[in-house]
Amino acid sequence: MFAENVLTPADLIWPLFIANGAEVEPISSLPGVSRWPLAQIADRAREAKAAGIPCLALFPNTPRDLRSDDGREALNPDNLMCRAIRTIKDAVPDIGLLTDVALDPYTSHGHDGLVDATGHVLNDPTKDVLVGQALVQAEAGSDIIAPSDMMDGRVGAIRNALEGGGHVDVQIMAYSAKYASAFYGPFRDAVDTRGLLKGDKKGYQMSPANAEEALREVALDLAEGADSVMVKPGLPYLDIVRLVKERFEVPVFAYQVSGEYAMIEHAVSAGAADRDAMVIETLMAFKRAGASGVLTYHALHAARLLAG
Ligand code: PBG
C-alpha cells in the first residue's frame with residue numbers, strides 16, 4: 001500500500017544476440033546468455049511476450065568475413081539484423097523491436113564509426129552511414145531505432161531520414177549518456193569485437209567523471225528529435241538517471257549492461273548472493289531512480305519472477 005514504486009514485466013527490455021550459424025552459441029563471459037540462431041529467435045520472442053515483456057533489443061554477431069573498414073554490411077538490407085527483425089515480426093508482430101544503430105558489429109576495427117589512418121573516429125562521415133543503417137532497419141520493421149554510437153548530430157539526421165522515408169511512426173531511443181565504461185567487456189565477446197577493437201572509445205563515449213555533460217548530451221538529442229533517452233551503464237550511473245529524469249520529463253531508460261549482469265552471475269556462482277533477490281532489487285533501484293524501463297539480460301528471468 002505504501003510502495004512508492006512498482007516493477008512489472010512491462011518495465012523490461014530484453015537484449016538478444018543473434019548468431020549467424022544454425023547453432024545456439026553460449027557466451028562464456030555472460031553465463032546463461034547465448035547467441036540465438038535465426039531459426040530460434042521467434043521462440044525467444046514468444047517467450048518474452050508470454051512473460052509480459054514488451055520489447056526486445058537486437059544485436060547481431062556479424063561473421064568476420066563480412067566486417068570491413070567501412071562497416072558496409074550495416075547497410076545491407078539482408079544483413080543478420082534485418083533478417084532477425086523480419087523473422088520476429090513475421091512470427092510475433094506485436095512485440096516491440098529496438099534495434100541498435102552503431103557500426104561496431106560491422107567494422108574490422110571494432111569502433112562504432114569510421115576511422116582515419118591514425119585510428120581517430122570521424123564523426124560526420126560516420127553519421128551518413130548511421131542514417132543508412134537506420135533506414136534499412138526501419139524498412140525491415142524496427143519499431144525503435146537506438147543509436148548507441150555517440151556521434152554528434154546523428155539523431156537529427158536519422159529523424160529527417162525516417163520522416164523522408166515515410167517511417168514517421170518509428171521512434172528513436174537515443175543512447176544519450178553512454179559512458180566509456182569497463183562494464184562492456186562481455187558484450188564485446190558476444191558481438192565478437194573484443195579482439196578487434198583498436199584503442200578505446202573515449203573519443204566519443206563519455207568520461208565517468210562527468211554528469212553535466214550528460215545533461216547537455218540529452219538536451220541535444222531531444223532537440224534533434226529523440227523520443228526517449230538512455231543512460232548506460234546502469235547501476236553505477238543511477239545518479240545520472242535521476243538527474244536526467246528531473247531535468248527533462250521524458251522517458252529515460254537505463255541499460256544494466258553485460259558487466260553488471262556478469263557481476264551478479266559470478267557472485268551467485270561464488271555462493272555470495274541470492275540471484276532472484278539481487279535481480280529484483282537492482283531492477284527496482286532503476287525504477288526508484290526514475291527510469292521508465294530497463295534493458296537487462298535478466299529480463300526473462302525477472303519477468304517470470306514478477307509473475308510469481
Ligand atoms: C556498442 C554497444 C556496446 C554496448 C551496446 N552497444 C558496447 C560498446 O560501446 O563497446 C554494451 C552493452 C553491454 O555491455 O551490455 N555500440
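Predicted model, so just to flag it, every value in this text is computed and none were measured.
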Peer 1: Do you know the tightest heavy-atom contact between Leu306 and Thr8?
Peer 2: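 Scanning both residues completely, I find the closest heavy atoms to be CD1-C, 3.7 Å.
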
Peer 1: Identify whether Leu103 and Leu197 are in the same connected component of the hydrophobic contact network (ILVMFWY, side-chain heavy atoms under 4.5 Å).
Peer 2: no

Peer 1: With a 3.5 Å distance limit and no angle check, can you tell me whether His167 reaches the backbone of Leu135 through a side-chain donor-acceptor pair?
Peer 2: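 No, because the side chain of His167 does not come within donor-acceptor range (under 3.5 Å) of the backbone of Leu135.
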
Peer 1: If we only count heavy atoms from C-beta on, is the Leu196 to His109 side-chain gap below 4.5 Å?
Peer 2: no

Peer 1: Ignoring hydrogens and geometry beyond distance, is a side-chain donor-acceptor pair present between Thr282 and Gln256 at under 3.5 Å?
Peer 2: yes

Peer 1: Measure the spacing between OH of Tyr106 and CG of Leu75 and express it to the nearest 0.5 Å.
Peer 2: 9.5 Å

Peer 1: Pick out which of Phe187, Phe59, Trp14, Phe17 makes a ring-ring contact (aromatic ring centres under 6.0 Å, His included) with Tyr297.
Peer 2: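 Single ring-ring contact (aromatic ring centres under 6.0 Å, His included) partner of Tyr297 among Phe187, Phe59, Trp14, Phe17: Phe17.
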
Peer 1: Any Lys/Arg nitrogen of Arg242 or Asp239 sitting under 4.0 Å from an Asp/Glu carboxylate oxygen of the other?
Peer 2: no

Peer 1: Examine Met263 and Ile27 and state if one hydrophobic cluster contains both, with Ile, Leu, Val, Met, Phe, Trp and Tyr joined whenever side-chain heavy atoms are less than 4.5 Å apart.
Peer 2: yes

Peer 1: How far apart are the C-alpha atoms of Leu97 and Ile88, what are their side-chain angles, what is the distance that settles it, and do they pass the side chain to side chain contact (heavy atoms under 4.5 Å, CB included) test?
Peer 2: CA-CA 9 Å; Leu97 291 182; Ile88 295 172; 4.0 Å; yes

Peer 1: How many angstroms lie between CD1 in Ile264 and OG in Ser269, if you round to the nearest 0.5 Å?
Peer 2: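 OG of Ser269 is found 11.5 Å from CD1 of Ile264.
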
Peer 1: Side chains of Gln137 and Ser142: donor-acceptor distance under 3.5 Å anywhere?
Peer 2: no

Peer 1: If you apply the rule side chain to side chain contact (heavy atoms under 4.5 Å, CB included), what do you find for Thr99 with Ile145, and how did you get there?
Peer 2: CA-CA 5 Å; Thr99 56; Ile145 298 294; 3.8 Å; yes

Peer 1: Heavy-atom distance under 4.5 Å between the side chains of His266 and Pro31, does that happen here?
Peer 2: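 Yes, close enough: below the 4.5 Å cut-off.
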
Peer 1: Does the side chain of Thr193 come under 3.5 Å of the side chain of Asp104 through a donor N or O and an acceptor N or O?
Peer 2: no

Peer 1: Does Pro186 offer a backbone N or O that forms a donor-acceptor pair with the side chain of Tyr261 under 3.5 Å?
Peer 2: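 Pair absent, no side-chain N/O of Tyr261 close to backbone of Pro186.
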
Peer 1: Checking Asn123 side chain against Asp152 main chain: does a donor-acceptor pair fall under 3.5 Å?
Peer 2: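 The answer is yes, because a donor-acceptor pair under 3.5 Å joins these two groups.
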
Peer 1: If hydrophobic clusters are built from ILVMFWY residues whose side chains come within less than 4.5 Å, do Ile95 and Leu300 share one?
Peer 2: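 Ile95 and Leu300: one cluster.
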
Peer 1: When you measure from the side chain of Asn79 to the backbone of Asn76, do you find a donor-acceptor pair of N or O atoms at a distance under 3.5 Å?
Peer 2: yes

Peer 1: What pair of heavy atoms forms the shortest contact from Arg304 to Ala51, and how long is it?
Peer 2: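 Taking Arg304 first and Ala51 second, the nearest heavy atoms are CG-CB, 4.4 Å.
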
Peer 1: Checking the side chain of Arg275 only, and the main-chain atoms of Val268 only, is there a donor and an acceptor separated by less than 3.5 Å?
Peer 2: no

Peer 1: Quick one: CZ on Phe286 to CG on Asn5, what's the gap to the nearest 0.5 Å?
Peer 2: 13.5 Å

Peer 1: Any chance you could lay out the side chain to side chain contact (heavy atoms under 4.5 Å, CB included) test for Met81 and Leu58, step after step, and finish with the verdict?
Peer 2: CA-CA 7 Å; Met81 173 68 110; Leu58 304 181; 3.7 Å; yes

Peer 1: Applying a strict under-4.5 Å side-chain criterion to I, L, V, M, F, W and Y, I'd like to know whether Val121 and Val101 cluster together.
Peer 2: yes

Peer 1: Is the shortest side-chain heavy-atom distance between Tyr255 and Ser148 below 4.5 Å?
Peer 2: no

Peer 1: Would you say the side chain of Arg64 lies within less than 4.5 Å of the side chain of Asp192, judging by non-hydrogen atoms?
Peer 2: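 Heavy-atom side-chain distance check passes, below 4.5 Å.
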
Peer 1: Could you give the distance from CG (Leu295) to CG (Leu98), rounded to the nearest 0.5 Å?
Peer 2: 6.0 Å

Peer 1: Under a 3.5 Å distance rule, please check whether Lys287 uses its side chain to pair with a backbone N or O of Val6 as donor and acceptor.
Peer 2: yes

Peer 1: Restricting to non-hydrogen atoms, name the atom on Arg35 and the atom on Ala19 that form the minimum distance, rounded to 0.1 Å.
Peer 2: CB-CB, 3.7 Å

Peer 1: Are Asp70 and Leu114 packed together at the side-chain level, in the sense that at least one heavy-atom pair is separated by less than 4.5 angstrom?
Peer 2: yes

Peer 1: Output yes when Arg216 and Glu213 qualify as a salt bridge under the 4.0 Å nitrogen-oxygen rule, no when they do not.
Peer 2: no

Peer 1: Show the nearest heavy-atom pair for residues Gly21 and Pro37, with the distance to one decimal.
Peer 2: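 Reported closest heavy-atom pair: O-CB, 3.3 Å.
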
Peer 1: Counting heavy atoms not belonging to Arg72, are there more than 12 under 6.0 Å from its CZ?
Peer 2: no

Peer 1: Any side-chain donor-acceptor pair under 3.5 Å between Glu163 and Asn160?
Peer 2: no

Peer 1: Ignoring hydrogens, what is the shortest heavy-atom contact between Asn210 and Ile240? Give both atom names and the distance.
Peer 2: O-CD1, 4.3 Å

Peer 1: Could you check whether any side-chain heavy atom of Asp143 comes within less than 4.5 Å of a side-chain heavy atom of Asp169, counting everything from C-beta outward?
Peer 2: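 Not in contact.
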
Peer 1: Is there a chain of hydrophobic side chains (I, L, V, M, F, W, Y, each step under 4.5 Å between heavy atoms) that links Phe253 to Val229?
Peer 2: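 Looking at the clustering, Val229 is in a separate group from Phe253.
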
Peer 1: Look at the side chain of Lys201 and the backbone N and O of Gln205, then say whether any donor-acceptor pair between them is shorter than 3.5 Å.
Peer 2: no

Peer 1: With rounding to the nearest 0.5 Å, note down the distance linking CG in Asp112 to CE in Met151.
Peer 2: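 Between atom CG of Asp112 and atom CE of Met151 there are 6.0 Å.
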
Peer 1: If we ignore hydrogens and angles and just use 3.5 Å, is the side chain of Ser108 paired with the main-chain N or O of Asp69 as donor and acceptor?
Peer 2: yes

Peer 1: If you round to the nearest 0.5 Å, how far is CG of Leu56 from CD1 of Ile13?
Peer 2: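 One finds 9.5 Å between CD1 of Ile13 and CG of Leu56.
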
Peer 1: Can the positive tip of Lys232 be found less than 6.0 Å from the middle of the six-membered ring of Tyr184, inside 45° of the ring normal?
Peer 2: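 Yes, Lys232 sits over the ring of Tyr184.
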
Peer 1: Does a side-chain N-to-carboxylate-O contact under 4.0 Å join Arg86 and Asp78?
Peer 2: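 Answer for the salt bridge query: yes.
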
Peer 1: Shortest non-hydrogen contact from Ala289 to Val241?
Peer 2: O-CG1, 3.8 Å

Peer 1: Could you go step by step and tell me if Glu25 and Asn61 meet the side chain to side chain contact (heavy atoms under 4.5 Å, CB included) rule?
Peer 2: CA-CA 11 Å; Glu25 301 171 355; Asn61 181 24; 4.2 Å; yes

Peer 1: Is Glu281 reaching over with its side chain to a backbone N or O of Met278, donor-acceptor style, under 3.5 angstrom?
Peer 2: no

Peer 1: Sub-3.5 Å donor-acceptor pair from the side chain of Asp227 to the main-chain atoms of Ile172, do we have one?
Peer 2: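 Yes; at least one donor-acceptor contact below 3.5 Å.
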
Peer 1: Contact between Leu16 and Trp36 at the side-chain level, heavy atoms closer than 4.5 Å - yes or no?
Peer 2: yes

Peer 1: Do Lys178 and Tyr175 meet the cation-pi criteria used here (NZ or CZ under 6.0 Å from the six-membered ring centre, within 45° of the axis)?
Peer 2: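 Cation-pi check for Lys178 and Tyr175: passes.
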
Peer 1: Less than 4.5 Å apart, any side-chain heavy atom of Leu38 and any of Ile18?
Peer 2: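 In short, these two side chains touch, coming nearer than 4.5 Å.
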
Peer 1: Is the number of heavy atoms from other residues, nucleotides or ligands under 6.0 Å of Asp90 CG greater than 12?
Peer 2: yes

